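Okay, so here's the structure we're looking at.
Per chain, numbering begins at 1; letters A, B, ... match sequence-line order. All values derive from a computational prediction rather than experimental measurement.
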Amino acid sequence: MQLYNTLTRKLEQFEPTDPEDVKLYTCGPTVYDYQHIGNYSAYVRWDTLVRVLQASGYDVHWVMNITDVGHLVSDADEGEDKLEKGAKREGKSAWDIAKFYMDDFMLGLTALNIQTPTHIVRATDHIAEQIELVKTLEQKGYTYTIDDGVYFDTSKSKDYGKLARLDLAGLQAGARVELNPQKRGATDFALWKLTPTGQKRDMEWDSPWGKGFPGWHLECSAMSMKYLGETLDIHTGGIDHIPVHHINEIAQSEAATGKQFSRFWLHCNHLLVENTKIAKSAGNGILLHHLAEQGFTPLDVRMLLLQSHYRTQANFTHGALQAARQRRLALQAFADLRFQTIDGGELDAAAFEQTKAVMLEELKEDLHTPEALAALSDLVTAGETNLVSANAHAAFVEFLDFVDATLGLQLLASSDITSEQKQLIREREEARRNKDFAKADQIRLALDANHLAVRDTPLGTIWSRTA
RNA sequence: GGCACCUUGGCGGAGUGGUUACGCAGAGGUCUGCAAAACCUUUUACACCGGUUCAAUUCCGGUAGGUGCCUCCA
């Protein structure tokens with residue numbers, strides 16, 4: 001499999017260290033608010049990665065974190081984090097906020113047919129591991145303590161910022177953030193933040209350095225290493241994570257272990273809405289339930305995302321979502337032909353095998369989902385024209401299973417029509433043979449009331465769902 | 001100010017040094033008892049200006065426009 005590795009900025013052949021098992025870590029959400037479609041787009045992308053790895057024969061140990069503490073509102077902030085802020089906003093505790101939005105996130109994953117990671121881990125459940133990691137770094141001399149916390153000294157880090165290819169000198173000159181004057185370097189980052197004297201936070205823990213909470217980057221290193229070991233095969237995240245979060249993860253992890261933290265780094269680009277960055281201030285953070293109100297399902301969103309490549313900046317528009325929905329419905333109608341394979345149908349097992357091979361090849365080439373869909377659409381066209389041979393029924397179902405496994409569109413979730421509905425179709429065919437067109441049209445209306453459309457082919461009547 | 005990316009037909013969106021991406025929408029047609037569906041065809045797409053080349057949308061340089069990151073962010 002070929003994957004684009006941000007470390008080298010090149011497509012590389014991917015093989016896991018353990019040939020049986022891929023160790024994959026994905027940066028998950030901070031659960032202080034609803035996740036919008038932009039947030040979810042990343043998880044659809046990484047779910048696709050997992051699916052393709054699985055289809056390529058690997059077991060995947062997939063860990064995703066839930067950040068339920070410690071992401072500061074800004075670098076210059078005096079200690080308020082998003083959870084605390086959300087709690088203040090809603091008059092609840094930070095713990096309640098985290099639970100509520102994490103539960104909502106999990107529902108969103110299910111709705112989008114994103115597989116549940118092997119481990120989905122909360123930062124607050126791993127405070128001890130994070131403290132241990134800081135202790136290790138302290139023992140190895142990578143830290144210093146100032147009035148508001150324990151910091152990582154990036155000047156001691158070998159190749160700091162290599163992933164981001166940062167111009168550190170330029171970065172410092174152009175820094176707009178007010179630094180804590182005690183910080184030794186502009187890029188140094190907090191490992192443990194101390195609760196200011198006299199204050200009480202919803203979330204705080206005792207530590208060797210005093211009461212406080214872990215720094216922003218610590219959890220990913222501590223939890224990924226706990227569940228996957230010191231070297232990951234693949235670490236994924238949004239493109240925005242490259243310059244700060246991921247270089248800091250690398251710095252602290254590699255300082256602690258002396259080993260490479262992750263062999264591959266994959267980053268997805270952001271989804272725009274109407275060609276604009278999704279931002280709270282722009283009010284364009286569309287939620288899944290907004291789309292549901294307009295009659296779109298989460299799978300329509302999934303289709304929209306599959307039509308673009310994960311490293312491009314895709315654009316979400318109402319028109320594009322409509323188009324994606326139409327395409328998905330056409331695909332579903334094709335899948336429903338498995339209930340209607342027919343003697344004389346021309347699509348045979350070989351056609352399914354061939355398309356599967358093309359799709360898998362495209363997907364294994366850095367997740368070329370648009371090309372995989374194009375190959376699928378070609379087959380759909382052929383199937384609608386020539387119908388599916390009765391001999392190919394098993395191959396067809398197997399093929400659809402492959403498509404569901406890789407693209408996650410749940411094509412096999414539909415069921416056959418009822419025997420009553422089938423009887424109606426037979427009666428209509430009989431009426432047409434008898435040239436009793438009035439009766440035939442009457443039955444067609446009855447079928448329409450059942451949300452079924454029929455089309456008459458030389459080989460017989462084929463139905464499709466209209467809703 | 002620094003760094004990076006992008007500019008493809010009505011919309012979305014791939015890809016390639018010479019061959020139809022694909023999807024959605026529109027138009028015409030075929031088929032059909034009819035309607036629908038389905039299928040076929042279709043509007044000569046690659047921002048602009050140079051360069052390299054037998055040949056560039058596809059490589060190089062420049063211009064214009066756009067976006068992202070540098071600051072919590074998928």
Exercise. Indicate the ring-plane relationship of Tyr34(A) and His289(A), choosing parallel, tilted or perpendicular according to the 30° and 60° boundaries.
Key: perpendicular
Quiz item: Using the P atom in both, what is the distance from A47(B) to U7(B), to the nearest Å?
Solution: 8 Å
Practice problem: Taking all non-hydrogen atoms of both residues into account, name the closest pair between Leu271(A) and Ser41(A) and its distance. | Solution: CB-OG, 4.0 Å
Quiz item: Is the distance between the ring centroids of Tyr227(A) and His126(A) less than 6.0 Å?
Solution: yes
Quiz prompt | G10(B) versus U44(B) - spacing of their P atoms, nearest Å | solution = 10 Å
Quiz item: Where is the tightest heavy-atom contact between Leu321(A) and Leu304(A), given as atom of each residue plus distance?
Solution: N-CD1, 4.2 Å
Practice problem: Could you tell me how the ring of His368(A) sits relative to the ring of His309(A): parallel (under 30°), tilted (30 to 60°) or perpendicular (over 60°)? | Solution: perpendicular
Quiz prompt | side-chain contact (heavy atoms from CB on, under 4.5 Å) partner of Ile425(A), chosen from Gln421(A), Glu427(A), Glu429(A) | solution = Glu429(A)
Practice problem: Establish, with yes or no, whether the OP1 or OP2 oxygen of C69(B) is under 4.0 angstrom from a side-chain nitrogen or oxygen of Lys277(A). | Solution: yes
Quiz item: Between Gln322(A) and A25(B), does any side-chain N or O lie under 4.0 Å from OP1 or OP2?
Solution: no
Quiz item: How would you label the contact of Leu271(A) with the nucleic acid (heavy atoms, under 4.0 Å): base, sugar-phosphate, or nothing?
Solution: base
Practice problem: With heavy atoms under 4.0 Å as the rule, sort Thr276(A) into base, sugar-phosphate or nothing. | Solution: nothing
Quiz prompt | Six-ring centre of Tyr4(A), Arg311(A) cation under 6.0 angstrom, axis tolerance 45° | solution = yes
Exercise. Identify whether the distance between the nearest side-chain nitrogen and carboxylate oxygen of Asp188(A) and Lys183(A) falls below 4.0 Å.
Key: no
Self-check item: Inter-nucleotide P distance (G12(B), A25(B)), Å rounded
Solution: 15 Å
Practice problem: Evaluate salt bridge (charged side-chain N to carboxylate O under 4.0 Å, His left out) for Lys422(A) paired with Asp416(A), printing each intermediate quantity in order. | Solution: CA-CA 10 Å; Lys422(A) 286 179 184 171; Asp416(A) 201 354; 2.7 Å; yes
Self-check item: Touch class at under 4.0 angstrom, heavy-atom based, for Ala375(A) against every strand present
Solution: nothing
Self-check item: Residues within residues 34-44 of chain A bordering RNA chain B, heavy-atom distance below 4.0 Å
Solution: His36(A), Gly38(A), Asn39(A), Ser41(A), Ala42(A), Tyr43(A)
Quiz prompt | P atoms of G9(B) and C5(B), separation to the nearest Å | solution = 23 Å
Would you list the protein and nucleotides 27-29 of chain B atom pairs, both N or O, that sit under 3.5 Å from each other?
none

Practice problem: Using both pair distances under 3.5 Å as the test, note the stems of at least 3 consecutive Watson-Crick or G-U pairs that include RNA chain B. | Solution: B:1-7 with B:64-70, B:10-12 with B:22-24, B:26-30 with B:38-42, B:47-51 with B:59-63
Practice problem: Could you give the distance separating G62(B) and C3(B) at their P atoms, to the nearest angstrom? | Solution: 14 Å
Quiz item: Does a side-chain N or O from Thr30(A) land closer than 4.0 Å to OP1 or OP2 of C73(B), or not?
Solution: no
Quiz prompt | Given RNA chain B, 5'-ward residue of the pair Asp378(A) and Ser308(A), judged by closest heavy atom | solution = Ser308(A)
Quiz item: Does NZ or CZ of Arg201(A) lie under 6.0 Å from the centre of the six-membered ring of Phe213(A), at an angle within 45° of the ring axis?
Solution: yes
Practice problem: Take atom CZ of Arg311(A) and atom C1' of G15(B), then tell me their distance rounded to the nearest Å. | Solution: 13 Å
Self-check item: Closest-nucleotide ordering on RNA chain B, the 5'-leading residue of Asp456(A) and Gly319(A)
Solution: Gly319(A)
Quiz item: With a non-hydrogen cut-off below 4.0 angstrom, is Arg444(A) in contact with a base, only sugar-phosphate, or nothing?
Solution: base
Quiz item: Base, sugar-phosphate, or nothing: which does Ile278(A) touch, judged by heavy atoms less than 4.0 Å apart?
Solution: base
Quiz item: For the residue pair His246(A) and Trp265(A), does the interplanar ring angle fall in the parallel (under 30°), tilted (30 to 60°) or perpendicular (over 60°) class?
Solution: tilted
Self-check item: Under 5.5 Å and under 30°: His270(A) stacked on A74(B)
Solution: yes
Exercise. Determine, for Phe100(A) and Lys92(A), whether the Lys NZ or Arg CZ falls below 6.0 Å from the six-membered ring centre while staying within 45 degrees of the axis.
Key: yes
Practice problem: Just do the side chain to side chain donor-acceptor pair (under 3.5 Å) check on Gln13(A) and Gln2(A) with the steps written out, would you? | Solution: CA-CA 5 Å; Gln13(A) 184 67 30; Gln2(A) 297 271 319; 2.8 Å; yes
Exercise. May I ask you to say what Arg432(A) touches in the nucleic acid, namely base, sugar-phosphate or nothing, with a heavy-atom cut-off under 4.0 Å?
Key: base
Self-check item: Closest non-hydrogen atom pair between Ala251(A) and Phe152(A), with its separation
Solution: O-CZ, 3.6 Å
Exercise. State which of G23(B), A25(B), G13(B) makes the closest approach to the side chain of Gln326(A).
Key: A25(B)
Practice problem: Could you work out which one of G15(B), G68(B), A38(B) sits closest to the side chain of Gln313(A)? | Solution: G68(B)
Quiz item: Expressed as a whole number of Å, how far does the C1' atom of A14(B) sit from that of C46(B)?
Solution: 12 Å
Quiz item: The side chain of Thr317(A) lies closest to which of these nucleotides: A14(B), G12(B), G23(B)?
Solution: G12(B)
Quiz item: At under 4.0 Å between heavy atoms, what does Asp441(A) touch on the DNA or RNA strands: base, sugar-phosphate, or nothing?
Solution: base
Practice problem: Report yes if at least one side-chain N or O of Thr381(A) is closer than 4.0 Å to OP1 or OP2 of G23(B); otherwise report no. | Solution: yes
Self-check item: Rounded distance in Å between the P positions of U8(B) and C59(B)
Solution: 15 Å
Quiz item: Distance between the P atoms of A74(B) and C24(B), in whole angstroms?
Solution: 33 Å
